[in-house]
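A quick write-up on the structure given underneath.
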Number of protein chains: 2
Amino acid sequence: MSAQVVESSGRRKGDVFDSNCPSRTVLDHVTSKWAVLVLAALRTGPMRFSALRRTIGGVSEKMLAQTLRTLEADGFLDREVAPTTPPQVTYSLTQYGAELTEHLTGLVEWIAVRMPDIEAGRAARTGS
Amino acid sequence: MSAQVVESSGRRKGDVFDSNCPSRTVLDHVTSKWAVLVLAALRTGPMRFSALRRTIGGVSEKMLAQTLRTLEADGFLDREVAPTTPPQVTYSLTQYGAELTEHLTGLVEWIAVRMPDIEAGRAARTGS
DNA sequence: CTGTATCCAGGTTGATACTG
DNA sequence: CAGTATCAACCTGGATACAG
């Protein structure tokens, strides 16, 4: 799993530490402010644009659309348009998206659970 | 684990979907471009400033220092200064930092492993 | 409803120079 | 070595208006 080709630079292929590696681009995409929340929201099932907008507090239409397009281009999201009037667009996780989201939600839930301890620690350091 | 207090807004306490929740701040910190890489780098052991700078491709001194200060304030990093000349500053993960990093590296490694498939999928969509 | 286009303010980043 | 200060450039992101 960690046995990989070593280049002259001393970095491994697929290494996120390499600023020229494509995986850095993907990493930036999925760890972007809104992408994390979009993926987390879709984890429980497909959602429409407006539902995502309502679920994710503080997101603008522009940022949501932009994030959705990026994630779709990366192959993490499927976009399905119902030819009705008005149109209904539903987003869902692809298989890759679902795998990715498992890792992300693990992170998100850990933060949610540990948040009280984190804040307490911060307050203690500020106080001392 | 998922049983939490429901507020009038319909959001759960500690919910990252709430734009006013402190956990959103922490989430933004740890998913920021450089924080992910700093934490991943420190996973294998303590490192000094210059070593981090070398390891993480493309990071500037300013951004590295800024990221380190944020993570330290959040309680994920310890900063130890050796009173020598020139000074040597070593960074290491706290217990929280180590837990957090486990989740992050899971994500990072998944991306590294899946990268070929992701790129192939992207190429296929572009071509069609 | 689900976007896209445009404009613009503000924050983030990087280069550079400087300090302990 | 390990930063901090400053400044300009870039990009992000929000508001608004408009389109399919």
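Computed over heavy atoms, backbone and side chain alike; hydrogens, waters and symmetry mates excluded.
A close approach under 4.0 Å does not occur between any side-chain nitrogen or oxygen of Y91(B) and OP1 or OP2 of dC1(D). Between dC1(D) and R53(B), no contact under 4.0 Å exists linking OP1 or OP2 to a side-chain N or O. Checking the phosphate oxygens (OP1, OP2) of dC1(D), no side-chain nitrogen or oxygen of T85(B) falls inside 4.0 Å. Distances shorter than 4.0 Å separate none of the side-chain N or O atoms of R48(B) from OP1 or OP2 on dG3(D). Between R69(A) and dT4(C), a side-chain N or O to OP1/OP2 separation shorter than 4.0 Å is present.
Here Q66(A) lies out of heavy-atom contact (under 4.0 Å) with every strand. Q88(B) comes within contact range of the sugar-phosphate backbone alone, with a heavy-atom separation under 4.0 Å but no base atom that close.
Spacing between atom CE of M47(A) and atom C1' of dC1(C) amounts to 15 Å, rounded to whole angstrom units. A straight line from CD1 of I56(B) to P of dT13(C) spans 14 Å, rounded to a whole angstrom. Rounding to whole angstrom units, CD of residue E80(B) and P of dG3(D) are separated by 13 Å. For the pair L64(A) CG and dT12(D) C1', the computed distance is 16 Å after rounding to whole Å. E61(B) has its CD atom 11 Å from the C1' atom of dA17(C), to the nearest Å. As a whole-Å value, the separation of K62(A) NZ from dG13(D) C1' is 6 Å. Look at CZ on R79(B): it is 8 Å from C1' on dA2(D), rounded to the nearest Å. The NZ atom of K33(B) sits 10 Å away from the P atom of dT12(D) (whole-angstrom rounding).
Nearest nucleotide to the P86(A) side chain, out of dC1(D), dG3(D), dC1(C): dC1(C). Between dT2(C), dG3(D), dG14(C), one nucleotide has an atom nearer to the side chain of S60(B) than all others, and that is dG14(C). Taking the side chain of M63(B) as heavy atoms from C-beta on, and the options dT6(C), dG3(C), dT13(C), the nearest nucleotide is dT13(C).
At a threshold of 4.0 Å, the pair R54(A)-E61(A) does not count as salt-bridged, since none of the basic side-chain nitrogens sits closer than that to a carboxylate oxygen. Salt-bridge annotation for R43(A) and E109(A): present, with a side-chain N of the basic residue lying under 4.0 Å from a carboxylate O of the acidic one.
Residue Q95(B) places its CD atom among 12 or fewer non-hydrogen atoms of other residues, nucleotides or ligands, all under 6.0 Å distant.
In this structure, the separation between OG1 on T31(B) and CZ on R24(B) is 10.0 Å, given to the nearest 0.5 Å.
In terms of position on DNA chain D, the residue among V59(A) and A51(B) whose nearest nucleotide sits closer to the 5' end is A51(B).
T101(B) places no side-chain N or O within 3.5 Å of a backbone atom of L104(B) that could act as its donor or acceptor partner.
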